[in-house]
S.K.: 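Quick one: structure below, then a few questions.
Note that these values count all heavy atoms, side chains included, but never hydrogens, waters or copies made by symmetry. In this text, all values refer to a predicted model and were calculated from it rather than measured experimentally.
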Amino acid sequence: MRIIMVTSGEYGARVVNTIAKHGLAPDIVAVFDYDDYSGEFLDDPSSLLPPEIPDADLTVAAGLFGDLNLVAAEIAVESGSKAIIVESHAPGQLPEGLKSEISGMVESAVFPSPFCSLDITGNPFIDSFASGFGKPEVEMDVKESVLAVRVKRSAPCGSTFYVAERIRGVPLPEVDVAAGEGFHNYPCLASMEADPALGDTHLHVAGYLTREAFKRAAGVPGVHAHVNPRECLGEECGFLCMDVCPLVRLSMNTIRRGVTAEVDPFSCGACERCARECPHGAIEMINPRP
């Protein structure tokens, strides 16, 4: 597979370095960096096209804001890319109108927000990338503590590898907290500004996804929301808990709608929104932190 990277800023540099270091270096045919451009609006995005653009199968945009994403889309068109990945990690970075415009330019386009929510889509080129980089996934050898960690899929910024190196030896009940601390110490560069579409910040959501990967591998869910089925009246409230969950808004199955609401304890980010908003008091936090 031939990949073109279109990047800007520290975040874009992190993504390029991560995917090059961990397996995709031979596939990268060009990196076009726009660190020197700081505006969000362009009268003519084509004016910023590189003089020479190699043929490619996939274009990946990371760290771009506003109309610079259209530059990445035009690069994808000129390269013959069959697919494009355009990430966002801050509110307003990629307006809905730009997504629609880009979707009309390239055969297949996905817009993971944050980037570490990227999963398999069905497009062979996007999926080839997402098999190694996207929603974190790890395997562990465990006993009472973590003996070894293997990263199956890393967040594109590389934070999963960072956490994996530091979680060996951690007792299993402490994996949840240790993974969260490692994630923040990396540190994550996603925005701390609340995104109305998620009802939370991109940084928090990225942290939930990282913790989920390590909790699942350890087999210990840590702190999480739990629904009391005897008290849940989801049909009456319209399953409000699902409406306020940032991960459900991200199309994750963190809360499922059955006879009552059901929470996946490993996916739960412990943001407590569902517990606070439940009008029937049917949700409580299990293993809450002191």
Side-chain angles (χ1 to χ4, degrees), residues 1-38 40 50 56 58-66 68-69 71-72 75-76 84-94 110-119 126 128-138 149-167 179-193 195 198 201-214 250:
M1 180 172 68
R2 300 164 297 175
I3 301 173
I4 289 177
M5 300 294 304
V6 187
T7 66
S8 180
E10 183 181 357
Y11 184 85
R14 270 193 178 180
V15 172
V16 171
N17 291 337
T18 297
I19 70 172
K21 180 179 179 180
H22 295 284
L24 291 185
D27 299 317
I28 299 174
V29 296
V31 177
F32 299 120
D33 184 81
Y34 287 89
D35 269 359
D36 294 335
Y37 184 83
S38 58
E40 291 188 22
L58 174 69
T59 296
V60 179
L64 308 184
F65 280 76
L68 273 180
N69 291 290
V71 177
I75 289 173
I84 187 170
I85 301 171
V86 184
E87 69 80 31
S88 59
H89 56 275
Q93 181 179 343
L94 185 62
V110 293
F111 307 97
S113 178
F115 205 170
C116 49
S117 67
L118 177 66
D119 211 336
I126 294 172
S128 180
F129 182 94
S131 65
F133 304 95
K135 186 175 183 289
E137 184 178 357
V138 301
V149 184
R150 293 172 295 280
V151 176
K152 296 182 65 177
R153 177 165 57 189
S154 173
C157 70
S159 62
T160 314
F161 290 106
Y162 180 91
V163 175
E165 290 174 359
R166 287 154 180 81
I167 210 161
E181 290 176 348
F183 167 81
H184 285 288
N185 290 337
Y186 182 53
C188 178
L189 298 177
S191 172
M192 271 295 292
E193 180 184 351
D195 187 332
L198 296 174
T201 71
H202 288 253
L203 185 145
H204 286 162
V205 170
Y208 304 155
L209 298 176
T210 293
R211 287 169 45 222
E212 176 187 355
F214 287 90
L250 199 60

S.K.: Name all residues meeting the side-chain hydrogen bond (donor to acceptor under 3.5 Å, both in side chains) criterion together with Asp195; count only those two or more places apart in sequence or in a different chain, and write none if there are none.
M.R.: His202
S.K.: Please round to the nearest 0.5 Å and tell me the distance separating atom CG of Leu209 and atom CG of Leu118.
M.R.: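 So the CG of Leu209 and the CG of Leu118 are separated by 11.5 Å.
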S.K.: Starting at CD1 of Ile85, measure out to CZ of Phe129 and round the result to the nearest 0.5 Å.
M.R.: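 Spacing of CD1 (Ile85) from CZ (Phe129) equals 5.0 Å.
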S.K.: Only counting residues at least two apart or in another chain, list the ones meeting side-chain contact (heavy atoms from CB on, under 4.5 Å) with Glu193.
M.R.: Pro91, Ser191
S.K.: Which residues satisfy the side-chain contact (heavy atoms from CB on, under 4.5 Å) test with Gln93, sequence neighbours excluded?
M.R.: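 Gln93: side-chain contact (heavy atoms from CB on, under 4.5 Å) contacts with Phe65, Glu87, Ser88, His89, Ala90.
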S.K.: To the closest 0.5 Å, what do you measure between CD1 (Ile28) and CD1 (Ile4)?
M.R.: 11.0 Å
S.K.: Using the ring-ring contact (aromatic ring centres under 6.0 Å, His included) criterion, which residues pair with Tyr186? Sequence neighbours excluded.
M.R.: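 Here the qualifying residues are Tyr162.
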S.K.: For Ala206, enumerate each residue passing the side-chain contact (heavy atoms from CB on, under 4.5 Å) test, keeping only those at least two apart in sequence or located in another chain.
M.R.: Pro114, Cys116, Phe183, Cys188
S.K.: Taking it one step at a time, do Leu24 and Phe133 satisfy side-chain contact (heavy atoms from CB on, under 4.5 Å)?
M.R.: CA-CA 10 Å; Leu24 291 185; Phe133 304 95; 3.7 Å; yes
S.K.: According to the side-chain hydrogen bond (donor to acceptor under 3.5 Å, both in side chains) rule, which pairs have a member within residues 5-29, sequence neighbours left out?
M.R.: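 Of all non-adjacent pairs touching residues 5-29, those that pass side-chain hydrogen bond (donor to acceptor under 3.5 Å, both in side chains) are Thr7-Asp33.
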S.K.: For Arg166, give me all partners under salt bridge (charged side-chain N to carboxylate O under 4.0 Å, His left out), at least two apart in sequence or on another chain.
M.R.: none
S.K.: Can you see which heavy atom on Ile126 is nearest to which on Ile84, and at what distance?
M.R.: CD1-O, 4.3 Å
S.K.: Applying salt bridge (charged side-chain N to carboxylate O under 4.0 Å, His left out), name anything that partners Glu212, two or more places apart in sequence or on another chain.
M.R.: Lys135, Arg216
S.K.: Which atoms form the tightest heavy-atom contact between Phe214 and Ala164, and what is the distance?
M.R.: CZ-N, 3.8 Å
S.K.: Applying side-chain contact (heavy atoms from CB on, under 4.5 Å), name anything that partners Ala25, two or more places apart in sequence or on another chain.
M.R.: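 So Ala25 forms a side-chain contact (heavy atoms from CB on, under 4.5 Å) with Ala20.
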S.K.: Would you compute the distance between atom CG of Leu94 and atom CG of Asn69 and round it to the nearest 0.5 angstrom?
M.R.: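 So the CG of Leu94 and the CG of Asn69 are separated by 5.0 Å.
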S.K.: List for me each residue that meets ring-ring contact (aromatic ring centres under 6.0 Å, His included) alongside Tyr208, sequence neighbours excluded, and say none if there are none.
M.R.: none
S.K.: Please check this pair: side chain of Ser117 against backbone of Pro112, looking for a donor-acceptor N/O pair closer than 3.5 Å.
M.R.: no
S.K.: Report the distance from atom CG of Leu58 to atom CD1 of Ile3, rounding to the nearest 0.5 Å.
M.R.: 5.5 Å
S.K.: Give me the atom names and distance for the closest heavy-atom approach of Ala61 to Ala72.
M.R.: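 Looking at all heavy atoms of both residues, the shortest contact is CB-CB, 3.8 Å.
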S.K.: I need the Thr210 OG1 to His184 NE2 distance, nearest 0.5 Å.
M.R.: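 The OG1 atom of Thr210 sits 9.0 Å away from the NE2 atom of His184.
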